Amino acid sequence: MPLINRLKEHRARLSVNQSELGKMAGVSRQTISLIERGDYSPSITLALKLAKIFSVSVEEIFQYEEAQNER
Amino acid sequence: MNVRKSFIKIVGWLILGAIFGIAGSFINQRWQLMEELAQRDIFSSIQPYFFWIHVIGTGLLLLISFSCYVQSKRIMTSPDLEEDEALSDKLDQFQHRALTSSMVAMILNFVTFGVSVEVGNLRILVSVGVFILVMLLSSLIDLLVIKQVREQDPMKKGDPSKMRFDKEWLESCDEAEKMLIYQSAYRTFSLMKQVLMFSVVAAMVSKMIFDTGNVLILVLGTIWLIHNLSYTIYARQVEKGKINI
């Protein structure tokens, strides 16, 4: 997965658990868990929502890293 | 993709299939394996046991399903649930297991009941009773688990007793859940394409050996056709925006 994220760090900074963050972003706890594990890349809308919750830019949570074989 | 190479590959697969068919037929003629198998009439000899497979099989599956539901209920009442992510994962796992066991019980119920229904079966009334009981219990467990999921996630909508349940449930899922559903649905579609093709071949072989007739071939062929055509039609409709999923 070329998208790496720091969602867990930001969540810890805000002292909220996955369920609470899910409620804040309007998604389920499972979705937050999937994003944190890198098993799911969120839509632009959800990424922006999460950035707004943490008051940071999207790039501070999600970073695109080009895979070796994609070059 | 090189069309010529791919076509040669497909022809190769067909030739391989033909070789297997001819080899199987030769082995069968040489040692008369299938005739012997057909003469033994294995199906008739195991048919009386279907009643017990029906009762014990569905009973065990419902027991597993119910115990998973009880476990998930216990987790739901745990004060650590909100904080403990591993516990939440465990809860999902138990709910999933409860629904899966209940679904398998329902399918087994239909199949074994269908086999048991025959003239001369003295236990037919008991079979009918078991069938109804399994249907009721299985539906009850489904309702309880769905209610539990909805309690855990109030965003979820849908009543399993209504025909629109699948649609409402899907609409209430978030983007990641929808993606999971779509991915697993496509994998299921791909798997079923293979399963149905092999089932039709198996039905043809079964007709020749066990004299199972043409109905099986026609039914499986129709399901295969509906399965593949419906995918093509729905894909086109989604593309045109005629249906929204």
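Computed from a predicted model, the values in this text were never measured in an experiment. Naming convention: chains lettered A, B, ... in sequence-line order (proteins, then strands); numbering from 1 in each chain.
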Query - Criterion side chain to side chain contact (heavy atoms under 4.5 Å, CB included) on A/Ile35 and A/Leu46, from CA distance to verdict - result: CA-CA 11 Å; A/Ile35 299 171; A/Leu46 181 54; 3.8 Å; yes

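Listed by sequence position, the residues of residues 55-63 of chain A in contact with chain B number zero, using a 4.5 angstrom heavy-atom cutoff.
Taking the side chain to side chain contact (heavy atoms under 4.5 Å, CB included) definition, one finds that B/Ile132 meets it with B/Val128, B/Leu136, sequence neighbours left out. The side chain to side chain donor-acceptor pair (under 3.5 Å) check on A/Glu9 picks up A/Arg6, with sequence neighbours excluded.
Counting heavy atoms from C-beta on, the side chains of A/Leu3 and A/Pro42 come closer than 4.5 Å. The closest side-chain heavy-atom distance from B/Leu91 to B/Leu87 is not below 4.5 Å. Side-chain contact between B/Ile53 and B/Val115: absent, with no pair of heavy atoms (C-beta onward) separated by less than 4.5 Å. In this structure, A/Phe54 and A/Leu7 have side chains that are in contact, with non-hydrogen atoms separated by less than 4.5 Å.
A distance of 13.0 Å separates CD1 in B/Ile56 from CG in B/Leu63, rounded to the nearest 0.5 Å. Separating the CG atom in B/Leu137 from the CG atom in B/Leu62 is a distance of 5.5 Å, to the nearest 0.5 Å.
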Could you show, one pair per line, the donor-acceptor contacts under 3.5 Å between chain A and chain B?
residue: A/Arg11; atom: NH1; partner: B/Glu85; partner atom: OE2; Å: 3.3
residue: A/Arg11; atom: NH2; partner: B/Glu85; partner atom: OE2; Å: 3.1
residue: A/Asn17; atom: ND2; partner: B/Glu82; partner atom: O; Å: 3.0
residue: A/Asn17; atom: ND2; partner: B/Glu83; partner atom: OE2; Å: 3.1
residue: A/Ser28; atom: N; partner: B/Asp174; partner atom: OD2; Å: 2.7
residue: A/Ser28; atom: OG; partner: B/Asp174; partner atom: OD2; Å: 3.0
residue: A/Ser28; atom: OG; partner: B/Glu177; partner atom: OE2; Å: 3.1
residue: A/Arg29; atom: NH2; partner: B/Asp89; partner atom: OD1; Å: 3.0
residue: A/Arg29; atom: NH2; partner: B/Asp92; partner atom: OD2; Å: 3.0
residue: A/Gln30; atom: NE2; partner: B/Asp92; partner atom: OD1; Å: 3.0
residue: A/Gln30; atom: NE2; partner: B/Asp92; partner atom: OD2; Å: 3.1
residue: A/Thr31; atom: OG1; partner: B/Asp174; partner atom: OD1; Å: 2.8
residue: A/Thr31; atom: OG1; partner: B/Asp174; partner atom: OD2; Å: 2.7
residue: A/Tyr40; atom: OH; partner: B/Glu175; partner atom: OE2; Å: 2.8
residue: A/Ser43; atom: N; partner: B/Glu175; partner atom: OE2; Å: 2.8
residue: A/Ser43; atom: OG; partner: B/Glu175; partner atom: OE1; Å: 2.5
residue: A/Ser43; atom: OG; partner: B/Glu175; partner atom: OE2; Å: 3.3

